[in-house]
Amino acid sequence: MKVLSGIQPTGRFHWGNYFGAIRQYIALQGQEQSFYFIADLHALTTVREPAVLRQNIKDAALDLLALGLDPAKATLFRQSDVPEVTELTWLLMTITQMHLLDKCHAFKDKKAKGIAADAGLFTYPVLMAADILIYDSTTVPVGADQIQHVEVTRDLAQRFNATYGETLHLPEAYVLDDSAKVPGTDREKMSKSYNNTIPIFETPRKLRKIIMSIQTDSTPMEAAKVPETCAVYQLFKLFGTPAQQAALADRYQAGGMGYGEAKETLYQAAMTHFGEAFERRTRFEAAPDQVEDILREGAHRARAKAREVVERVRSACGLTAKPV
Ligand code: ADP
Ligand code: TRP
């Protein structure tokens with residue numbers, strides 16, 4: 001299996017990112033090829049402050065390493081350290097039909113809201129296709145909202161192959177269903193854009209405060225409560241074992257437990273779950289050179305594979321295989 005995924009450094013990672021994406025990256029490391037990158041070129045479509053982008057990239061690397069991405073089992077790199085990917089983007093763009101991009105949600109959503117969208121956002125799925133195809137990836141772990149982009153990638157690979165002969169491998173999305181939509185503090189899907197996130201690496205005090213702010217209904221303390229429709233319980237399910245989940249569900253249904261207590265249970269579960277990651281992050285933070293070495297070494301490995309595929313693509317469409 002050749003695994004590949006990217007995550008945008010557009011802000012601090014939250015529980016939705018972890019359960020919807022990062023946890024899967026970690027489960028899939030150690031395959032024949034396990035490539036994970038920080039999608040800094042994609043982030044340029046939204047982050048326009050260089051200092052903020054630099055900080056976000058640093059945080060993304062630290063967070064991923066802290067959460068268990070292991071450089072001995074996986075290749076971690078910055079997207080922009082493999083410039084061949086932008087070359088492949090152009091080559092793919094020449095066979096991309098406009099209507100394919102018109103229906104992609106990132107662009108469509110912005111347009112529907114009347115927000116000016118630039119060509120970068122419009123062609124974003126082609127850059128993503130290049131990210132995937134340039135490493136002959138077979139398996140792309142992503143959250144449900146990214147499945148559409150993997151479909152576009154398959155369409156483009158098929159169209160390229162139909163035009164120039166078998167050159168590109170068709171990848172498949174790998175989605176973890178049960179955590180496809182992690183709810184945020186307002187019970188809507190957790191997302192940076194909705195201001196409802198629970199960041200993974202937050203001071204315990206702030207984390208508790210955020211958890212205590214999760215919206216619940218107004219069922220009185222003594223009354224029985226419905227666990228499945230409560231965001232606190234839905235979030236707890238991500239951390240707890242089946243026995244722990246059943247125990248908390250029983251407490252909901254029995255009545256006599258306030259939401260504050262359920263939130264405290266959630267807070268403790270999160271602290272336990274991420275405890276080791278907090279410690280690892282502190283260690284990596286104190287060793288920035290080591291982190292930079294990991295990213296460079298990763299880019300070096302990724303680039304070797306990217307060059308091989310781009311040479312194949314260049315020669316398939318009639319260019320010299322290698323630039324002189
Ligand atoms: P955000 O919505 O906060 O901007 P991104 O779009 O950068 O997050 O998402 C990065 C990855 O995390 C994607 O693969 C996405 O599907 C996944 N993800 C984000 N939010 C959630 C969520 N609430 N539940 C499940 N997965 C999520
Ligand atoms: N578009 C993805 C997101 O917003 C990030 C991404 C960029 C990606 N290139 C990719 C994910 C290639 C998987 C494979 O989450």
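No hydrogens, no waters, no symmetry mates; every other heavy atom, side chains included, goes into these values. Not measured: the values here are computed from a predicted model. Each ligand, and each atom within it, is numbered from 1 in the order the structure gives.
- The pair R54-D59 does not meet the salt-bridge criterion, since no charged nitrogen lies less than 4.0 angstrom from a carboxylate oxygen.
- Atoms of ligand 2 lying under 4.0 Å from any heavy atom of H42, numbered from 1 in the order shown and given with element: 7 (C), 9 (N).
- Checked by distance only, ligand 1 and V142 stay at 3.5 Å or farther apart across all their nitrogen or oxygen atoms.
- A salt bridge links R208 to E264: at least one charged side-chain nitrogen sits closer than 4.0 Å to a carboxylate oxygen.
- Between V182 and ligand 1, at least one N/O pair is under 3.5 Å apart.
- Taking distance alone, with nitrogen or oxygen atoms compared against 3.5 Å, S5 stays at or beyond that limit from ligand 2.
- Every atom of ligand 2 with a heavy atom of I132 under 4.0 Å away is listed here by number and element: 12 (C), 14 (C).
- At a 3.5 angstrom cut-off on N or O pairs, H14 counts as close to ligand 1.
- Classification of K225 and D217 as a salt-bridged pair fails, no side-chain N sitting under 4.0 Å from a carboxylate O.
- Residue K192 has at least one N or O atom closer than 3.5 Å to an N or O atom of ligand 1.
- Inspection of the E297 and H300 side chains reveals no N or O donor paired with an N or O acceptor under 3.5 Å.
- Nearest protein heavy-atom contact of atom 1 (N) of ligand 2 is Y124 OH, 2.5 Å.
- Here S191 has heavy atoms under 4.0 Å from ligand 1 in both its backbone and its side chain.
- Heavy atoms of V142 found under 4.0 angstrom from ligand 2 belong exclusively to the side chain.
- Classified by interplanar angle (parallel below 30°, tilted 30° to 60°, perpendicular above 60°), the ring pair H273/F19 is tilted.
- Within ligand 1, the atoms closer than 4.0 Å to a non-hydrogen atom of A21 are 11 (C), 12 (O), 14 (O), numbered from 1 in the order shown.
- Considering backbone and side-chain atoms together, Q8 places an N or O closer than 3.5 Å to an N or O of ligand 2.
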When you look at L41 and T89, which way does the side-chain contact (heavy atoms from CB on, under 4.5 Å) test go after all the steps? CA-CA 12 Å; L41 295 174; T89 302; over 6 Å; no
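- Considering only non-hydrogen atoms, atom 21 (C) of ligand 1 lies nearest to K189 out of R12, K189, R23, K181.
- Residue R312 qualifies as enclosed at atom CZ: its count of foreign heavy atoms under 6.0 Å is above 12.
- Ligand 1 places these atoms under 4.0 Å from at least one heavy atom of G143: 14 (O), 16 (O).
- When G16, A39, P9 are ranked by how near their heavy atoms come to atom 26 (N) of ligand 1, first place goes to G16.
- Backbone and side-chain nitrogen or oxygen atoms of I7 are examined, and none is located within less than 3.5 angstrom of a nitrogen or oxygen of ligand 1.
- Side chains of H99 and D102: a donor-acceptor N/O pair is absent below 3.5 angstrom, by distance only.
- With distances taken over non-hydrogen atoms, the option nearest atom 13 (C) of ligand 2 out of A39, A43, S137, G6 is G6.
- Classification of the F201-F274 ring pair by plane angle, with boundaries at 30° and 60°, yields tilted.
- Judged as a side chain to side chain donor-acceptor pair (under 3.5 Å), the pairs with a partner in residues 64-76 (not counting sequence neighbours) are, in order, T75-R301.
- Ion pair K189/D145 flagged as a salt bridge, since at least one NZ, NE, NH1 or NH2 atom sits closer than 4.0 Å to an Asp/Glu carboxylate oxygen.
- Contact check on E292 versus K58 returns no salt bridge, with no Lys/Arg side-chain nitrogen under 4.0 Å from an Asp/Glu carboxylate oxygen.
- Evaluated by nearest non-hydrogen atom to atom 17 (C) of ligand 1, the leading choice among N17, T46, N196 is N17.
- Note on ring orientation: taking the six-membered ring where Trp is involved, the planes of F77 and F35 are perpendicular (angle over 60°, cut-offs 30° and 60°).
- Counting only non-hydrogen atoms, the option in D145, V85, D40, V140 that gets closest to atom 14 (C) of ligand 2 is V140.
- Under a 4.0 angstrom heavy-atom cut-off, Q8 registers as lying outside contact with ligand 1.
- Residue-to-ligand polar distances keep H149 apart from ligand 2: every N/O pair is separated by 3.5 Å or more.
- The contact set between ligand 2 and D131, taken as ligand atoms under 4.0 Å from a residue heavy atom, comprises 7 (C), 9 (N), 10 (C), 12 (C).
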Would you please test R78 and I57 for side-chain contact (heavy atoms from CB on, under 4.5 Å) and show each step? CA-CA 8 Å; R78 284 175 290 244; I57 295 169; 3.9 Å; yes
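- Considering backbone and side-chain atoms together, D145 places an N or O closer than 3.5 Å to an N or O of ligand 1.
- Counting atoms of ligand 1 from 1 in the listed order, those under 4.0 Å from a heavy atom of G20 are 25 (C), 26 (N).
- Listed for the Q245 side chain is no donor-acceptor partner under 3.5 Å among the backbone atoms of Y233.
- The side chain of Q146, and not its backbone, has at least one atom closer than 4.0 Å to an atom of ligand 2 (non-hydrogen atoms only; side chain from C-beta on).
- The atoms of ligand 1 that sit less than 4.0 Å from any heavy atom of M190 are 20 (N), 21 (C), 22 (C), 23 (N).
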